[in-house]
Peer 1: 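Provided herewith is a single structure, encoded as structure tokens, for subsequent inquiry.
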Amino acid sequence: MSEAFEQSIVSLLEERVELAISTVQQLRADKLELEAEIARLNSDLLQRDAQIQELENRNSDLTEELDSERAATADERSEIRERLEGLMDVLITSDESPVDTNDEITFEADNDESDAEATEAEASTRPRIFGSI
């Protein structure tokens, strides 16, 4: 082989080696960038996981509070319902109980000294209240 041909092969091989070296260096730089991006994404993922856990805990607390309030409201409604039923029973019982109309109560206005001077016509117009219990 001729020396020029050998020289061209050597220079071609050198170019190829330099290209391979630069490619390896570029791949290493890209790898470092990707590792940094992965680390950042993992950090973001951990932060979001913590936020999700915090929101789930808060949601659980709010759910417990809501259940407690619902139970208190149900208890209050039940108590009001029982009181109303008791009042209705009292009203029904009072409607069903016989009323003695023979018991009359008379209320008269007190006679003081100024009324003593009143005429007989005025005395007849004095109110008297009759009623039964």
Peer 1: Can you tell me how far CZ of Arg16 sits from CG of Leu19, rounded to the nearest 0.5 angstrom?
Peer 2: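 Rounded to the nearest 0.5 Å, the CG-CZ separation comes to 7.0 Å.
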
Peer 1: For Glu37, I'd like to know if atom CD has over 12 heavy atoms of other residues, nucleotides or ligands within 6.0 Å.
Peer 2: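 Counting other residues, nucleotides and ligands, CD of Glu37 exceeds 12 neighbours.
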
Peer 1: Decide if atom CD of Glu35 counts as having more than 12 heavy atoms of other residues, nucleotides or ligands within a radius under 6.0 Å.
Peer 2: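 Atom CD in Glu35 is packed in, count exceeds 12.
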
Peer 1: Tell me if a side-chain donor or acceptor on Ser60 pairs with a main-chain N or O of Glu56 at a distance below 3.5 Å.
Peer 2: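 A pair under 3.5 Å: no.
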
Peer 1: Cluster partners of Val17, using ILVMFWY side-chain heavy atoms under 4.5 angstrom, listed by chain and number?
Peer 2: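 Grouped by the 4.5 Å side-chain rule, Ile21 form the rest of the cluster around Val17.
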
Peer 1: Look up atom CG in Leu27 and atom CG in Leu34, then write down how far apart they are to the nearest 0.5 Å.
Peer 2: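 Rounded to the nearest 0.5 Å, the CG-CG separation comes to 10.0 Å.
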
Peer 1: Judged by atom type as modelled, is there a donor-acceptor pair below 3.5 Å linking the side chain of Thr73 to the main-chain atoms of Glu69?
Peer 2: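 Yes, because the side chain of Thr73 sits within donor-acceptor range (under 3.5 Å) of the backbone of Glu69.
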
Peer 1: Could you measure the distance from the CG atom of Asn57 to the CG atom of Asp61? Nearest 0.5 Å is fine.
Peer 2: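 It is 6.5 Å, given to the nearest 0.5 Å.
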
Peer 1: For atom CZ of Arg70, decide whether the heavy atoms of other residues, nucleotides or ligands shown that lie under 6.0 angstrom number more than 12.
Peer 2: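 Counting neighbours around CZ of Arg70, 12 or fewer heavy atoms of other residues, nucleotides or ligands fall under 6.0 Å, so no.
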
Peer 1: Between Thr93 (side chain only) and Asp89 (backbone N and O only), is there a donor and an acceptor less than 3.5 Å apart?
Peer 2: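 Such a contact is found between Thr93 side chain and Asp89 backbone.
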
Peer 1: Checking the side chain of Ser78 only, and the main-chain atoms of Ala74 only, is there a donor and an acceptor separated by less than 3.5 Å?
Peer 2: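 The answer is no, because no donor-acceptor pair under 3.5 Å joins these two groups.
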
Peer 1: At what distance, to the nearest 0.5 angstrom, does OG1 of Thr23 lie from CZ of Arg28?
Peer 2: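 Between Thr23 OG1 and Arg28 CZ, I get 12.0 Å after rounding to 0.5 Å.
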
Peer 1: How many angstroms lie between atom CZ of Arg48 and atom CG of Leu55, to the nearest 0.5 angstrom?
Peer 2: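 That separation rounds to 12.5 Å.
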
Peer 1: Roughly how far apart are Ile38 CD1 and Leu45 CG, rounded to 0.5 Å?
Peer 2: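 These two atoms lie 12.5 Å from each other.
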
Peer 1: Do Glu79 and Asp75 have side chains that approach each other closer than 4.5 Å (heavy atoms only, starting at C-beta)?
Peer 2: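 Contact flag for Glu79/Asp75 side chains = no.
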
Peer 1: For side-chain contact (heavy atoms from CB on, under 4.5 Å), just list the numbers for Asp44 and Gln47, CA-CA rounded to whole Å, side-chain angles, deciding distance to a tenth of an Å, and then say yes or no.
Peer 2: CA-CA 5 Å; Asp44 288 349; Gln47 285 179 337; 3.9 Å; yes

Peer 1: Between Phe5 and Leu13, is there shared hydrophobic-cluster membership here, with clusters defined by ILVMFWY side-chain heavy atoms closer than 4.5 Å?
Peer 2: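 Linked within one cluster.
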
Peer 1: Is there a donor-acceptor contact under 3.5 Å linking the side chains of Asp49 and Gln53?
Peer 2: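 Checked: Asp49/Gln53 side chains show no N/O donor-acceptor pair below 3.5 Å.
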
